[in-house]
Amino acid sequence: MVAISIVTISKELMLACRQLGHVVSESLAAIVAATVVNGQSGFFSEKVIDENDAKTVVEEAAKKILSKEQPGISTLRLQAGYETAFADIEQAQLKKQSEAKGAEDKTLAWISKFTAKFDEDFDTLTGLYKKIYHFLLLRCTSPTGEAKPPSDSVVEREVAAALESVFPRVGLRSFVALTGAEKSAQLQELTGIVLGIRLFNMHQKKGGAGLPAVDDIHKQLGSVEFLENVQKEAEEVTELCREYTDVIVAASGPPRTRGGTSTMPDEQELARAQCDLLYYRQYLCYLLNLQEDLATSLEKLSIEQAHIREEMSDIDALVGGRVSVPKEQVYPRFDSLARNYRTAWKEVQALEARSKLYGVLQELRKKYFPALAQTGKDMLAKIPRREGQLLLDEDQGEEPVDLESIPGPGTQDTHMAQRLTVENYDQFLNLPLDFQGFCVHTLVSRGRLLVPGNPALGVVKYAGRYCVFATERAMAEFAQSPDHFFGGIREACYKQPELIHLLRVHEDFPKSSLNTVLQMLAGSQSVMLADAGTETPLHFQESNIDKDYEWNEWKLRQDALHMADIRRKTTSTTQTALSHLRRENETQVYLPKEVGTNTTHSRGTNPPRLKKYYTGLRGEAQQMKVTELKFDL
């Protein structure tokens, strides 16, 4: 039996969808193929897939992608599009950094292993100085380094001038005597000083060609307005999630939660609302991640910009209009300025990447951003309580729950659920919440309804996972049978695979998670190496044969002298019929006239014909006679 990989199946799925007039990305095709359910035994990808299974997977995946009655595909499309864009951005940055670092390490290794034959070896030391200059061109012409030195003559002159002032040629003898580690450390310090000098020249508008200005790019990005837009959209999607949650809870709960409304959404509308809620939850998670990353990057960037301005003002005050400044005072300032500049540029790159990801989200929003059905809107108008309070209403009239009965962190039995609170656990605020902070109990008992938990009730630790819950009763019921709810989460992921990435349960589905699929696709795009051989003839036969080729150098010399002697000759021109400059003449003539004679009388003659006959020539001897006869014709 030949095992077929998900990558191969995804390509077949893409081809099948393209033949049906629907273009599908490779990541979406792979994640849908990896999450096709195999009856009651889980996903097909969890076992070895043969040819028959592969055909079934392609057919079922194509039906799911092309079907309009399965709204869960929209969430998978959102996850595949966003995560693919995120992986592409990260991969592009890592590739650029690795290329730059590879070029720097190669040059640095050559310099570190350099040894001169003797102190007065001028040519060898000049080659070393050129290598140091080449290293500075790689490190000091951009904030993150370049794989190839720039070809701008202005940048080359500025770097050469900074190198001569900081590290003149007379210091090469002492530099050669250092060890490899000491050479590397001194070169790293040299790059910081040279970059700081270039930044100071740019500040004084006397240099710094090719270096991007952090403040200018920050203004072009409009990061503050960008963060405000993300916050507004996050608030909008949060309100939508609350509306969908209230409608689903009211429709599936007791009559007292419906607010006296008579119009109820049917099962199909309720299922679509539940899938749309998952879509909005995933969309909101991406927005909140962008908001957190933007806020963190802006905070770090503002700190680094303040440090850069402070260093610039200190260097201004230190240098001023002086001709020379002690290097012990100014060199550390230049090095610190370069470090702050590189750190600030990393945050600028992070802002640019987040801006691209937000653009991807906006493009996905244009393709699918559903609205609540009219029956749901009518129900919302009559619901007495909203914003997540309907779950708490169901606990009314029942016995109160004693959360203190749940064991705390000091329990000896590690197989029991433990409740952690601010009072009994010091690191409570730093706990990593599993399942993205959603209520596990509601997800299992409410038909895959996704509601965020309330950390104020405490965090339940079980099997190395930290769970939060929406209500006290949900926490108490989970503490009684946590394995039941963990198994219910797995069953919910089989029914709606988009929950795998939304809840971050990749380790439970190692072959069906989006992270695994993206890693497989990235591995399939790598260059494959193979041993190959080819047979070539010993002597190649030239197809283009030059008849005028001459191998004898003396003959070529003779021809050259002959051609050079033409200068002393006089030339003349003659126009012939074949000359391309001759004049074209045209002559018009009259053809001769045809002449003929017609007569009506014909004459002719008929002369007689004379014949001579000789007799007496045969038989007995007798005299020969001649007889003449005349014939009239």
Side-chain ([X]) to main-chain ([Y]) donor-acceptor, under 3.5 angstrom:
X: S98; Y: K95; value: yes
X: S512; Y: F509; value: no
X: S355; Y: L351; value: no
X: S481; Y: H484; value: no
X: T56; Y: N52; value: yes
X: S405; Y: D402; value: yes
X: T245; Y: C241; value: yes
X: S302; Y: E299; value: yes
X: S45; Y: A34; value: yes
X: N424; Y: L420; value: no

Between [Y] and [X], is there a salt bridge with N-O shorter than 4.0 Å?
X: E46; Y: R490; value: yes
X: R365; Y: E236; value: yes
X: R465; Y: E507; value: yes
X: R342; Y: D335; value: no

Could you check V468 against L457 for side chain to side chain contact (heavy atoms under 4.5 Å, CB included), going step by step and ending with a plain yes or no? CA-CA 8 Å; V468 289; L457 302 176; over 6 Å; no
Measure the spacing between [atom1] of [X] and [atom2] of [Y] and express it to the nearest 0.5 Å.
X: L502; Y: Y279; atom1: CG; atom2: OH; result: 13.0 Å
X: T144; Y: W345; atom1: OG1; atom2: CH2; result: 8.0 Å
X: L518; Y: D88; atom1: CG; atom2: CG; result: 9.0 Å
X: T343; Y: H307; atom1: OG1; atom2: NE2; result: 10.0 Å
X: T516; Y: K511; atom1: OG1; atom2: NZ; result: 10.0 Å
X: Q349; Y: Q93; atom1: CD; atom2: CD; result: 5.5 Å

Near-ring test Y283/Y368, centroid separation under 6.0 angstrom: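 Centroid separation for Y368 and Y283: 6.0 Å or greater.
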Flag side-chain contact, heavy atom, 4.5 Å: [X] against [Y]:
X: L521; Y: S27; answer: yes
X: V230; Y: R354; answer: no
X: L361; Y: Y286; answer: yes
X: L284; Y: L240; answer: no
X: R281; Y: Q436; answer: no
X: V24; Y: H22; answer: yes
X: P212; Y: Y341; answer: yes
X: V440; Y: F469; answer: yes

Begin from the C-alpha positions of L403 and T421 and carry the test side chain to side chain contact (heavy atoms under 4.5 Å, CB included) through to its verdict. CA-CA 11 Å; L403 296 181; T421 60; over 6 Å; no
Report yes or no: do [X] and [Y] form a side-chain donor-acceptor pair below 3.5 Å?
X: E233; Y: Q362; result: yes
X: E269; Y: T375; result: yes
X: T75; Y: Q282; result: no

Tell me, yes or no, whether the heavy-atom count around D216 atom CG, taken from other residues, nucleotides or ligands under 6.0 Å, exceeds 12.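 Buried by this count: over 12 neighbours within 6.0 Å.
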Between Y462 and D483, does a side-chain hydrogen bond (donor to acceptor under 3.5 Å, both in side chains) hold up when you go through it step by step? CA-CA 9 Å; Y462 181 76; D483 293 331; 2.8 Å; yes
Shortest non-hydrogen separation from [X] to [Y] and the atoms involved:
X: K377; Y: L372; answer: CE-O, 3.3 Å
X: A344; Y: L301; answer: O-CD1, 3.5 Å
X: V48; Y: A3; answer: CG1-CB, 3.6 Å
X: F486; Y: A463; answer: CE1-CB, 4.3 Å
X: A33; Y: I6; answer: O-CD1, 4.3 Å
X: E498; Y: Q79; answer: O-NE2, 2.9 Å

Contacts of Q480 that satisfy side-chain hydrogen bond (donor to acceptor under 3.5 Å, both in side chains) - sequence neighbours left out: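 Checked Q480 against side-chain hydrogen bond (donor to acceptor under 3.5 Å, both in side chains); zero matches.
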Non-neighbouring partners of T35 that pass side-chain hydrogen bond (donor to acceptor under 3.5 Å, both in side chains), sequence neighbours left out: none
Under the side-chain hydrogen bond (donor to acceptor under 3.5 Å, both in side chains) criterion, do N289 and E292 qualify, and how do the steps go? CA-CA 5 Å; N289 290 338; E292 182 181 359; over 6 Å; no
With sequence neighbours excluded, residues passing ring-ring contact (aromatic ring centres under 6.0 Å, His included) with H441: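 Partners of H441 by the ring-ring contact (aromatic ring centres under 6.0 Å, His included) criterion, ordered by chain and then number, come out as F485.
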Going by the angle between their ring planes, with limits at 30° and 60°, are Y280 and Y244 parallel, tilted or perpendicular? tilted
Please lay out, stage by stage, how N229 and E225 fare under the test side-chain hydrogen bond (donor to acceptor under 3.5 Å, both in side chains). CA-CA 6 Å; N229 294 334; E225 294 80 3; over 6 Å; no
What's the verdict on side chain to side chain contact (heavy atoms under 4.5 Å, CB included) for K356 and F86, showing C-alpha distance, side-chain angles and the deciding distance? CA-CA 9 Å; K356 294 179 181 178; F86 185 85; over 6 Å; no
Applying side-chain hydrogen bond (donor to acceptor under 3.5 Å, both in side chains) to E26 and S10, what does each step give before you reach the verdict? CA-CA 7 Å; E26 188 176 6; S10 65; 4.6 Å; no
How far apart are the C-alpha atoms of R446 and I248, what are their side-chain angles, what is the distance that settles it, and do they pass the side chain to side chain contact (heavy atoms under 4.5 Å, CB included) test? CA-CA 9 Å; R446 288 282 186 174; I248 296 173; over 6 Å; no
